[in-house]
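Order of the sequence lines fixes the chain letters, A, B, ..., with proteins taken first and strands second; residue numbering starts at 1 for each chain. If you're wondering where the values come from, they're calculated on a predicted model, not measured in any experiment.
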2 protein chains.
Amino acid sequence: MKKAAPTPQPARGPIDHEVRDQIVTAATEHFSRYGYEKTTVSDLAKAVGFSKAYIYKFFESKQAIGEMICANCLREIEAEVMAAIAETDQPSEKLRRMFKGFTEATLRLLFRDRKLYEIAASAATERWAAVVAYEERVQALLKEILQEGRQSGDFERKTPLDETAAAIYLVMRPYFNPLLLQHSFDYTDAAPGQLSGLVLRSLSP
Amino acid sequence: MKKAAPTPQPARGPIDHEVRDQIVTAATEHFSRYGYEKTTVSDLAKAVGFSKAYIYKFFESKQAIGEMICANCLREIEAEVMAAIAETDQPSEKLRRMFKGFTEATLRLLFRDRKLYEIAASAATERWAAVVAYEERVQALLKEILQEGRQSGDFERKTPLDETAAAIYLVMRPYFNPLLLQHSFDYTDAAPGQLSGLVLRSLSP
DNA sequence: ATAGTGACCATATTACCAAATGGTCACTAG
DNA sequence: CTAGTGACCATTTGGTAATATGGTCACTAT
C-alpha cells in the first residue's frame with residue numbers, strides 16, 4: 001500500500017544526458033561553495049557554458065536541482081551509516097551504530113558542509129520528495145534491524161513490530177533531522193549513547 | 001551542588017510594588033493580543049499611565065518583562081501537568097500523563113496562544129533563565145516519578161537513576177520544547193502514546 | 001529622599017524604489 | 001526535427017534614507 005512519492009521523477013528532458021550531469025556537477029560545486037540561495041540559475045548556466053533557458057530543458061525549477069543535490073547528500077549519509085552497520089552482526093550493536101552514525105553524519109553536514117545544510121533545511125521544512133524518501137528508507141533500515149534482532153532472539157517479540165519501529169524512529173528523529181538537530185547541540189555527545197541504551201532496554205526480551 | 005540560575009532576580013527597583021504588577025498585567029495583555037515584537041515599551045507605559053522611563057525603574061529591559069510573562073506561562077503548563085499527575089498513584093500512569101500533558105499544553109501554547117509562543121520561542125532559543133529553570137524543574141519531576149516507581153517495584157533498578165532520567169528526558173524533550181515541537185506536528189497525536197510505551201518497556205523490571 | 005519624566009542617543013525597523021532572479025516562450029541555426 | 005537562445009515578465013531581493021524603538025540620564029516636583 002505504498003504510493004509513489006508526490007514527485008518521483010518530474011524531470012524534464014532526457015533523463016540520461018551529459019548536460020544534465022554537468023549541471024548537477026556544477027550545482028554541487030556552487031551550492032557547497034556559495035550556498036543554495038546565493039547561487040543563481042544563471043551562475044550554473046555560465047558554469048556549464050549554456051544559457052539559462054537551456055537549464056530549464058532539464059530541470060523544472062531551481063528547487064528540482066537542489067533536490068538532486070540534497071538527495072545525493074542524503075544517500076551519502078545513508079551509505080556511510082549502512083557501512084558502519086554492516087561491520088557487526090549483533091543487532092543491538094547495529095542499532096547503536098545506526099544511532100551514532102546518523103547523528104555524526106548529520107552533524108557533519110551541519111558543520112563541515114554548512115552551505116549544503118541550507119538545502120537540507122529547506123528540504124526538511126518543505127518536505128521535498130527526497131527527504132520523504134530518505135525518511136522512509138531510514139525507517140525501513142530500522143525495521144530490518146529490529147526483525148533481525150527478533151529472529152536472533154536478541155529483541156523481545158511481544159510488541160507489534162510496527163509500533164516498536166515507529167516509537168524508536170521517533171526517538172531517533174531529532175538526531176538525523178537537520179532542523180531538529182540544530183536545537184540539540186548540547187546533547188549530541190551524550191544522546192546517541194543514552195538513547196540507544198534506553199531503546200535497547202526497551203527491546204530486551 | 002546547584003548554583004543559582006544565572007539571572008535569578010536581576011529585577012530593578014522594589015520587587016513588591018503595585019506598579020510592577022500593573023506592568024506585568026499590561027504586558028500579559030499586550031503580548032498575548034499583539035505579540036511580543038509588536039508591543040513597544042511605550043505601549044506598555046501608556047497602558048500603565050506612566051512614562052516609558054519609569055518602566056525601566058522596574059525592569060532592566062523589555063526582555064526581562066518578556067521573561068516574567070514567559071515564566072508565568074511555563075508555570076501554568078507545569079501546574080496543569082502536575083495536577084494531571086496527582087490524580088493517579090501508579091508511577092507508570094504518571095509517566096504517561098506527564099508525557100501527554102506536556103505535549104498537549106505546549107501544543108496549546110503554540111496554537112491557542114500563538115502570540116505568546118513568540119516569546120517562548122525566543123526564550124528557548126536564547127536560553128533565558130526562565131526556560132533553564134523550567135527544564136530543571138521538569139527533570140526533577142521526572143526523577144521523582146522514577147524514584148517512586150523504583151520504590152514501588154514498578155520500575156527496574158539496575159540502571160543508574162541519573163542515566164535513566166537523562167535518557168527519558170531526551171525522549172520527551174522534542175514534545176515540550178516549543179522550538180522542537182514546531183517540527184513535529186505530524187507526530188503529536190501518536191508520539192506521546194508510542195513513546196510512553198517504549199519508555200515504560202525500558203523501565204520494566 | 002522618592003516618584004516620575006522629557007529630551008536624547010545608538011541601533012533596529014520600515015518604506016520605498018531600483019536591480020536581480022526564477023521562469024517561460026517564440027524563435028533561430030543547422 | 002533537435003539543440004540552443006535572447007528577450008521578456010512577475011516576483012524577490014538589495015540598498016538606502018527616514019522613522020521608530022529600546023534604553024539612559026540629568027532633571028523637576030513633592
*Asks:* Rounded to whole Å, how long is the line connecting atom NE2 of A/His30 with atom P of C/dT21?
*Replies:*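 Between P of C/dT21 and NE2 of A/His30: 12 Å.
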
*Asks:* Just N and O in the side chain of B/Tyr56: are any of them under 4.0 Å from OP1 or OP2 of D/dT24?
*Replies:* no

*Asks:* Without decimals, in angstroms, what is the distance between B/Gln22 CD and C/dA3 C1'?
*Replies:* 13 Å

*Asks:* Relative to B/Tyr134, does B/Arg75 satisfy both conditions: NZ or CZ under 6.0 angstrom from the six-membered ring centre, and within 45 degrees of the ring's axis?
*Replies:* no

*Asks:* Listed by chain and number, what are the ring pair (Phe, Tyr, Trp, His ring centres under 6.0 Å) partners of B/Tyr36, not counting sequence neighbours?
*Replies:* B/Phe31

*Asks:* Taking the minimum atom-to-atom distance to the side chain of B/Thr40, which one of D/dT21, C/dG22, D/dG23 wins?
*Replies:* D/dT21

*Asks:* Which residue pairs pass the side-chain hydrogen bond (donor to acceptor under 3.5 Å, both in side chains) test when at least one of the two sits in residues 169-180 of chain A, sequence neighbours left out?
*Replies:*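 Listed once each, the pairs are A/Arg173-B/Ser184.
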
*Asks:* In whole angstrom, give the distance that lies between atom NZ of A/Lys62 and atom C1' of C/dT24.
*Replies:*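 It is 18 Å, rounded to the nearest whole Å.
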
*Asks:* Which atoms of nucleotides 5-15 of chain C (N or O only) lie under 3.5 Å from a protein N or O atom, and what are those distances?
*Replies:*
residue : atom : partner : partner atom : Å
C/dT5   : OP2  : B/Ser51 : N            : 2.8
C/dT5   : OP2  : B/Ser51 : OG           : 3.4

*Asks:* Specify the separation, in whole Å, of atom CD of B/Gln63 and atom C1' of D/dG22.
*Replies:*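 The distance from CD of B/Gln63 to C1' of D/dG22 comes to 12 Å, rounded to the nearest Å.
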
*Asks:* Measure the distance from CZ on A/Phe58 to C1' on C/dT24 and round it to the nearest whole Å.
*Replies:* 17 Å

*Asks:* Would you call B/Glu104-B/Arg108 a salt bridge at under 4.0 Å N-O?
*Replies:*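 The answer is no: the pair does not qualify as a salt bridge.
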
*Asks:* Let me see the working for A/Glu135 and A/Arg127 under salt bridge (charged side-chain N to carboxylate O under 4.0 Å, His left out), right down to the final yes or no.
*Replies:* CA-CA 10 Å; A/Glu135 289 177 356; A/Arg127 301 204 60 71; 2.9 Å; yes

*Asks:* Separation of A/Leu44 atom CG from C/dG23 atom C1', in whole Å?
*Replies:*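 Whole-Å distance recorded here is 14 Å.
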
*Asks:* Would you please classify the geometry between the B/Phe58 ring and the B/Tyr54 ring as parallel, tilted or perpendicular, with 30° and 60° separating the classes?
*Replies:*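 If you compare the ring of B/Tyr54 with that of B/Phe58, the planes turn out perpendicular.
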
